[in-house]
Amino acid sequence: SAAGTGLDAEVARYAYHLLTALGYRAACPASAFARQAVLDRLEDGDVLFLFSWTGEDEEALDLVERARLACKPVVVTVTQAANNTLQSLNDVDLYVFTDSIVVNGANLSSRSPMIAIVELLAHGLIKPEK
């Protein structure tokens, strides 16, 4: 599963499309209902990808806490390179460096480093055709 909000959600959707194109069972829950459906299907060992620039996204934090109560997923987060709450709840944090840009209250920081991580992981999963 891949999750995020705002621009982070766009990265999560991109990850979802790459993973499903590669044949993996994936979900990108945008609503509370969809997140609950993912939690209902989540099993031990499943990977939960969370994208949160700040690492303080309430929906992401809630999803991790509820997932950990339901089973033992591998929680992988992609956050900015700063201490944050989400980092303390994960198994692996892939942090990114970029300038923080806020315009009219909206975080418009570049998500290109997050996309690069997604692509590196996805390309590592590609199995050569015979």
Side-chain angles (χ1 to χ4, degrees):
S1 295
T5 59
L7 290 177
D8 299 331
E10 301 305 321
V11 177
R13 277 193 272 287
Y14 182 58
Y16 165 78
H17 288 294
L18 286 177
L19 291 170
T20 56
L22 291 171
Y24 289 90
R25 181 178 57 102
C28 187
S31 66
F33 176 78
R35 285 187 293 279
Q36 184 58 52
V38 165
L39 289 172
D40 290 343
R41 293 189 318 266
L42 202 60
E43 299 175 358
D44 290 350
D46 282 352
V47 178
L48 184 62
F49 269 102
L50 296 150
F51 299 90
S52 174
W53 171 253
T54 65
E56 301 297 338
D57 182 295
E58 290 298 323
E59 290 177 10
L61 295 170
D62 179 63
L63 186 59
V64 171
E65 290 171 353
R66 292 173 52 207
R68 296 245 188 225
L69 290 173
C71 62
K72 295 178 182 159
V74 176
V75 177
V76 179
T77 59
V78 183
T79 66
Q80 68 176 326
N83 290 333
N84 61 66
T85 306
L86 197 53
Q87 287 175 343
S88 66
L89 298 174
N90 66 28
D91 297 300
V92 177
D93 184 51
L94 304 169
Y95 55 88
V96 298
F97 294 90
T98 189
D99 292 335
S100 181
I101 301 170
V102 177
V103 177
N104 295 326
N107 186 325
L108 301 180
S109 304
S110 176
R111 296 319 196 268
S112 296
M114 286 181 164
I115 292 169
I117 287 173
V118 167
E119 289 189 350
L120 285 168
L121 292 172
H123 286 266
L125 295 172
I126 294 174
K127 296 177 179 91
E129 292 184 21
K130 294 181 181 181

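This chain uses plain numbering: 1 for the first residue, then up along the sequence.
Hydrophobic clustering (ILVMFWY, side-chain heavy atoms < 4.5 Å, transitive): I115 and V96 are in one cluster. Residues V64 and L39 are members of one and the same hydrophobic cluster, defined by side-chain heavy-atom contacts under 4.5 angstrom among Ile, Leu, Val, Met, Phe, Trp and Tyr. Under the 4.5 Å side-chain heavy-atom criterion for Ile, Leu, Val, Met, Phe, Trp and Tyr, L120 and Y14 are members of distinct hydrophobic clusters.
The existence of a salt bridge linking E65 and R68 is excluded, since no basic side-chain nitrogen approaches an acidic carboxylate oxygen closer than 4.0 Å. Salt-bridge check for R35 with E59: passed, with a basic side-chain N closer than 4.0 Å to an acidic carboxylate O. Between R25 and D46 there is a salt bridge, since at least one side-chain N of the basic residue sits less than 4.0 Å from a carboxylate O of the acidic one.
Between A26 and T20, the closest heavy-atom pair is CB-CG2, 3.9 Å. Smallest separation of non-hydrogen atoms from D44 and K72: OD1-N, 2.7 Å. Nearest heavy-atom pair across G45 and V74 is O-CG2, 4.1 Å. What you find for Q87 and Q80 is that their closest heavy atoms are NE2-O, 3.7 Å. The two atoms that bring L18 and A122 nearest to each other are CD1-CB, 3.9 Å, heavy atoms only. The two residues P113 and F97 have their closest heavy-atom pair at CG-O, 3.8 Å.
With values rounded to the nearest 0.5 angstrom, Q36 atom CD is found 10.5 Å from R41 atom CZ. Between the OG atom of S110 and the CG atom of D99 there is a distance of 9.5 Å, given to the nearest 0.5 Å. Summarising the geometry, atom CG belonging to L108 is positioned 8.0 Å from atom CZ belonging to R111; distances are rounded to the nearest 0.5 Å. For the atom pair CG of N90 and OG1 of T79, the computed distance is 7.5 Å after rounding to the nearest 0.5 Å.
Between V76 and V47 the shortest side-chain heavy-atom distance falls below 4.5 Å.
With sequence neighbours excluded, no residue forms a ring pair (Phe, Tyr, Trp, His ring centres under 6.0 Å) with Y24. Residues passing the side chain to side chain donor-acceptor pair (under 3.5 Å) test with S88: none are found, sequence neighbours excluded. Take S109 and apply the side chain to side chain donor-acceptor pair (under 3.5 Å) test, not counting sequence neighbours, and it matches N107.
Here the options are L61, L63, V75, the test is side chain to side chain contact (heavy atoms under 4.5 Å, CB included), and the partner is L89; only L61 passes. For the side chain to side chain contact (heavy atoms under 4.5 Å, CB included) criterion with F49, the lone passing option out of T77, L121, V118, V11 is L121.
For N83, the CG atom is loosely surrounded, since the number of other residues' heavy atoms within 6.0 Å does not exceed 12.
With hydrogens and angles ignored, the 3.5 Å screen pairs a side-chain donor or acceptor of D8 with a backbone N or O of W53. Under a 3.5 Å cut-off, the side chain of N84 and the backbone N or O of L86 do form a donor-acceptor pair.
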